[in-house]
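The structure under discussion appears below in the form of structure tokens.
In what follows, chains carry the letters A, B, and so on, assigned in the order in which the sequence lines appear, proteins first and then strands, with residues in each chain numbered from 1.
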Amino acid sequence: MSTLYSDLALADPLKRAVADMGYEHMTPIQAQAIPVVLSGQDVMGAAQTGTGKTAAFSLPLLHRLLKHENASTSPARHPVRALVLLPTRELADQVAQQVKLYAKYTQLRSAVVFGGIDMKPQTAELKKGVEVLVATPGRLLDHIEAKNAVLNQVEYVVLDEADRMLDIGFLPDLQRILSYLPKQRTTLLFSATFSPEIKRLASSYLQDPITIEVARPNETASTVEQVFYGVHEDDKRRALKQIVRQRGITQAFVFVNSKLGCARLARSLEREGLRCTALHGDKSQDERLKALAAFKAGEVDLLVCTDVAARGLDIKDVPAVFNYDVPFNAEDYVHRIGRTGRAGASGLAVSFAGGGNDARLVADIEKLIKKKIELQPLEMDDERPRGRMNDGRRRWREDGETGDARDALDAPRSNQGSSEGYRAPRPQRTTHASRDPFFDKPYEASDRGEEKPAWEASAKAPAPRQPGSTNIRSKRKVAALFKAAETQQN
DNA sequence: AAAAAAC
């Protein structure tokens, strides 16, 4: 079977766009999925991201939109004919940009809507009419309810990161959205991981689906070296810096399980002079996009993030991923380490297992990825005594580190984003005394009768959520909800 | 347990 794009029965404008991007050969997921989508069948696709999944569904989908005019609407109108749903805003943004590129030589219009930013520009664009709409669930529902988006002409729905979209937190919103769509439609589901429940639930949304499995589901890329270290909670930050230095890591995602932990770690590393930035869901959308852009542009070396960044983000040539915390779900491990080793490149995934439940979580990962995990001790190159004083302050702090292959990681934060791309020489290390004595201690504004610092206020701000079904957590209720969802749909 | 997604 040919894998050449030029041999494919794709509309000319699409072929030109593909050629512009320098693609000649299809990736395996593309070679398998494109013909199936062109034929109009439902698809359940298991494929690692970074393998060209977005092109795999958008190209054939655009082709069908071009070839099959929607008879029920006049050519002057532009009803939404294809809807692509994603679980995070950054991902929606990324996919929308790709769709725009593929569609650039066609008359088809596309738009993206997600929360955290002004609704008005999105509304204006929707009112002009778009054929392809990329969205996150919450904001889309807002637009539907405001009658900005009419979805009764939708012919194609894509659920990317489908297992997340069908997860308990998203399911109610997703079901409401699907209830606005025509029953007669093509549905495409893609994910790198499928748990058995999700797979069963997913199949209830599909009609005679073709299953495409390029990688075995839940499989981790063979090009990614996976290392697990047993590291005490107090040593994790030092361990992170040591490994970055020893292995000469130029850029990495650093995954942390909580938003607050994420904000704190980023702040600590920043104070130590590392070029890093935090990305988590309690930052403003503007800050989120800026953080991601800075990382993409290489202005920061470490992106300290929550699982908001675990899925789908396609950033070229990131050599490493750290699991500073072992993820709560084994599936998230697969997604997290999928941020490196993309498009056939090699990558490194380093995970720190601390105390608590970590051993069990590691065992879960082992079971899911079907690979033996050896937990290694980490030889620390600095064995000065450590611990906390009774008042909670650190007895000492790591400084005066000598060896440092990497000026980049030692450049002061203030240089970050300098438009000349200038990197100052490594600064003199500051002394302990000049640092905040409450460095490692949870900062309580009441301690000092001050306002909370902005970083912490934002990290702590509770997400405003309507009390509702999305917070249902009991096992029984979750099971009931899944059951109901399965029997209701189609 | 946590995160994500709407004003």
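- Comment: A:Glu331 does not engage A:Arg311 in a salt bridge, judged by the lack of any side-chain N to carboxylate O separation of less than 4.0 angstrom.
- For the pair A:Lys236 and A:Tyr324, the cation-pi criterion (under 6.0 Å, within 45° of the ring axis) is fulfilled.
- Atoms CD (A:Glu90) and C1' (B:dA3) sit 13 Å apart, rounded to a whole Å.
- With distances taken from any side-chain atom of A:Phe328 to the nucleotides B:dA6, B:dA2, B:dA4, the minimum falls on B:dA2.
- Distance from the side chain of A:Phe170 is smallest for B:dA4 among the nucleotides B:dA4, B:dA1, B:dA6.
- For A:Arg164, no side-chain nitrogen or oxygen approaches OP1 or OP2 of B:dA4 to under 4.0 Å.
- The shortest distance between the side-chain N/O atoms of A:Arg311 and the OP1/OP2 oxygens of B:dA4 is not below 4.0 Å.
- Of the residues in residues 123-132 of chain A, none lies under 4.0 Å from DNA chain B by heavy-atom distance.
- Ion pairing of A:Arg64 with A:Glu155 is absent here, as no side-chain N (NZ or NE/NH1/NH2) approaches a carboxylate O to less than 4.0 Å.
- For the pair A:Glu131 and A:Arg81, the salt-bridge criterion is not met [side-chain N within less than 4.0 Å of a carboxylate O].
- Within 4.0 Å (heavy atoms only), A:Asn257 reaches sugar-phosphate atoms of the nucleic acid but no base atom.
- Between the base of B:dA2 and the side chain of A:Asn329 there is a donor-acceptor pair shorter than 3.5 Å.
- The shortest distance between the side-chain N/O atoms of A:Thr136 and the OP1/OP2 oxygens of B:dA6 is below 4.0 Å.
- Each of B:dA5, B:dA2, B:dA4 was ranked by its minimum atom distance to the side chain of A:Ser258; first place goes to B:dA2.
- Nearest nucleotide to the A:Lys259 side chain, out of B:dA5, B:dA6, B:dA3: B:dA3.
- Rounded to whole Å, atom P of B:dA2 lies 13 Å from atom CG of A:Asp307.
- Dashed line: the shortest gap from a side-chain N or O of A:Arg288 to OP1 or OP2 of B:dA5 is under 4.0 Å.
- In this structure, A:Leu260 atom CG and B:dA4 atom P are separated by 12 Å, rounded to whole Å.
- Between A:Asp364 and A:Lys367, no side-chain nitrogen of the basic residue sits less than 4.0 Å from a carboxylate oxygen of the acidic one, so the salt-bridge criterion is not met.
- A:Phe352 and A:Phe228 have their aromatic ring centers separated by at least 6.0 angstrom.
- Distance from the side chain of A:Thr88 is smallest to B:dA5 among B:dA3, B:dA2, B:dA5.
- Spacing between atom CE of A:Met119 and atom P of B:dA5 amounts to 16 Å, rounded to whole angstrom units.
- Between A:Glu366 and A:Lys371, no side-chain nitrogen of the basic residue sits less than 4.0 Å from a carboxylate oxygen of the acidic one, so the salt-bridge criterion is not met.
- Taking atom CG on A:Leu171 and atom P on B:dA3, their separation rounds to 21 Å, with Å as the unit.
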